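Single-structure report; data block below.
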Amino acid sequence: MTDDSRSDIDRRTVLGALAGIGGAAMAGCSAFERERDGQTSRIDDDAARELATRFAPTLYFDVHEPWFPTDPRPYVSERDGETLVTGFDAVDGYHEQYSEGAPPNPTVFYHAVEYEGSPLAVVQFWFYSVFDQFTTNFHWHDWEVLHVFVDTETGDPQLYVASSHSRTVPNNEFLDPDPELIPRILSELGSHSSTLSVNDVPDRFQRVAIDDLLADITNTALEGIEDLADLELPLAYGLPRDEGSRLPYLVPEYDGVPIYDHERLPSVTRESLIDDELTVRSYDALTSPPTGLPTRETGLVFGHTERTSDADTDVEYDLVPSDELEHITSFTGPQLSFEFTVPDVVEDAMAGHITTTGTPWSQPRYENPAADISVPNHRTALADRYDAIGEAAPINTVVARLTETITADNAPKDEGLTTTETALESVVLLESDPEAVPTFGGVAVVQDVPAGEHRLTINGAGRAPHSERVSVSDDGTPTAAGVGGEIPLVARDEATKLEIRGENASSDLSSVAVEDDFAGRLYESSIDGNDAVYVHAGGAYTTEVRDTDDAVGAYRVNPSPEAGSMVRIERPETGKASLSEFVADIADETRLAIAAAGDDDDDGDGDDEDGDDDSSNAVEGLERALAAVVEAARRAAERARDSERAGSDKQLEAVAERLQRVEQRLAEASDDLPKSLSNATRNRLRQADRRTEQARAAETL
């Protein structure tokens, strides 16, 4: 991200953006836990062909796309009495036949069913590609689908459903499309995730309506999380690179070498994969998020051979009934690997994304297309119109807005942060039910999450990984991950690992939180044993721990950007002693900064206990007042460790009084201090006041 794009984002703006990214929960609906749908039967050949010809979509591909919809039948083989398509045969055979601008055997397959006793029919368009290469995954073979729901009495289309990355990412859907408009599909580079285009700009995705330009989806927006109501951004994967986001692609490996070097793929070269300018070879090797990744640009346009006059097409595709493929038992291929090292448990968990794909005709949505409706309001609309469509039930959704952590201009150097929008997409993994999904527009969404405890992990090119525990309720309300729905990420070259050794704690810890002096709370998670979070080395932090009795402890963490080493809280404690020591630490840290900024030649003469000298030097008076706080807070901690509750409380009372004196001295000295230091001192005083009150109220010594 360039410097001129690093505009500050206040919490309201971030949460407002999050407010718009879903709507499933409040609609009380679910695409995945629904009432039973009616039975379907296949439409006769002539009627099916007529529907397919009428709605055959125009397909728009990225200029860098290497794998276009094709016919898998040239690559079939027989093994043990079964017909199958192997990954090696398909990928090598495709590239052997491929020539620039003329992909081999351009084909779209269709399948049509009608709901029995209902005027609702569906024609499906299935797109097969020999390979999938993306930012979260890669695998042999790829099937994507567009469902067109049609009322056979009126002839009007009711709903378009274009398949997205997985069942946990909302599809791109449009309710009540224009009957005169030919469906258009914008295919994502490499992954072939399909979004819709129904407005006047055919090759660009429009998430929300602007002026006279219609939105390309009617997916709904999120409600139900308090104070998240500023924006209404539809919850759908969309097409991130068409919306200005950057996606770094990965190179797949097999048998220890990139697939283009494998002996069983002689027709595949490096140029057969996604272009170098979009590819990263290692997340770990990048010290900061990559810049300069190109956004989407339209390349080839595919149109049905019987309707080429309806669009400016480059390639004409054949329309073939999918039942001509149903003799194929499976699409096979060995598990691939990431080119760079990842933990085996992660790679195994993602094996479904890096091996192969199943056959369409073995999936529930093949005979019941309504199973693929991912927008609850759309299912509700069809259920109101047709008895064959069952009502939906609540669905659990985890959502968060990812941001970038950067240093704040109004803070002392390397001692304060802010967060800003991110233009680089990340990978999201819910480890308790692993299925890696990409973010869109910096938004992380995982749908259909079982109730209970989960661990959410975020990873991105050039970023330190983020992991936290998330508790999901079973009432269908959305769960905001992070802090109020925001998860700030840190560039690797600016990250310091902060580790909390909960297994050594004096009591059982229940949660941990990290706050920066300027950016506020950046991390909050339940904890079971040890925990760790990557923080920006340019921040100044308060680390808060709580135990199962809700007792609080706090620790000051101010990493050095030059040190680059891990910071560890070896034996976290809760209670008066921990909180008092924190107040002493933050006051002493501030005192030293004030002293460095003061006039070294003016020593002052006052020496009373409260640091209230009669010196005309306001800065020195502030320094002495802080020193008095340090002294009283140290005594409070000592008394607490000696089990002297009354003595500790008396010293904490003195701390509270002396913090008030510090506030007075700061007001007097502000004009003589750098503005950034004045800002930091005010922020730290608020933190010290808060922790002092917690210490006074603490039952635990």
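Only a predicted model underlies this, so the values are computations on that prediction, with no experimental measurement involved.
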What I want to find out is whether R241 reaches E243 closely enough, with some N-O distance under 4.0 Å, to be called a salt bridge. no
Could you give me the CA-CA distance, side-chain angles and deciding distance for T403 and T420, then say whether side-chain contact (heavy atoms from CB on, under 4.5 Å) is met? CA-CA 6 Å; T403 56; T420 186; over 6 Å; no
Salt bridge or not between R207 and D216? Use side-chain N to carboxylate O under 4.0 Å. no
Out of curiosity, T692 OG1 to Q651 CD, how far, rounded to the nearest 0.5 Å? 12.0 Å
Do the charged groups of R501 and E499 touch, with an N to O distance under 4.0 Å? yes
Verify side-chain contact (heavy atoms from CB on, under 4.5 Å) between E404 and R463, making sure each step is shown before the conclusion. CA-CA 9 Å; E404 299 278 358; R463 292 175 172 144; 2.4 Å; yes
Does a side-chain N-to-carboxylate-O contact under 4.0 Å join R624 and E620? yes
Do other residues, nucleotides or ligands put more than 12 heavy atoms under 6.0 Å from D409 CG? no
Short N-O contact, R556 and E589, less than 4.0 angstrom: yes
Run the salt-bridge test on E693 and R696 with the 4.0 Å N-O cut-off and return the result as yes or no. yes
Atom pair CG (L673) and OG1 (T681), whose distance is rounded to the nearest 0.5 Å: 6.5 Å
When rounded to the nearest 0.5 Å, the distance separating CG of D528 from CZ of R455 is 9.0 Å
Verify whether one side chain among E188 and Y237 offers a donor that lies under 3.5 Å from an acceptor in the other. yes
In terms of side-chain geometry, is the basic nitrogen of R686 or D689 positioned less than 4.0 Å from the acidic oxygen of its partner? no
Got a second to check how far T542's OG1 is from Q687's CD, nearest 0.5 Å? 3.5 Å
Are E573 and R571 within salt-bridge range, i.e. N to O under 4.0 Å? yes
Does atom CG of D276 have more than 12 heavy-atom neighbours, drawn from other residues, nucleotides or ligands, at distances under 6.0 Å? yes
Under a 4.0 Å threshold between the charged nitrogen and the carboxylate oxygen, would K576 count as salt-bridged to E699? no
Side-chain heavy atoms of L239 within contact of F440, under 4.5 Å: no
Run the salt-bridge test on R641 and E581 with the 4.0 Å N-O cut-off and return the result as yes or no. yes
Shortest non-hydrogen contact from T397 toward V445: CG2-CG1, 3.9 Å
Side chains of S288 and D493, donor plus acceptor under 3.5 Å: no
Roughly how far, to the nearest 0.5 Å, is CG of D531 from OG of S511? 10.0 Å
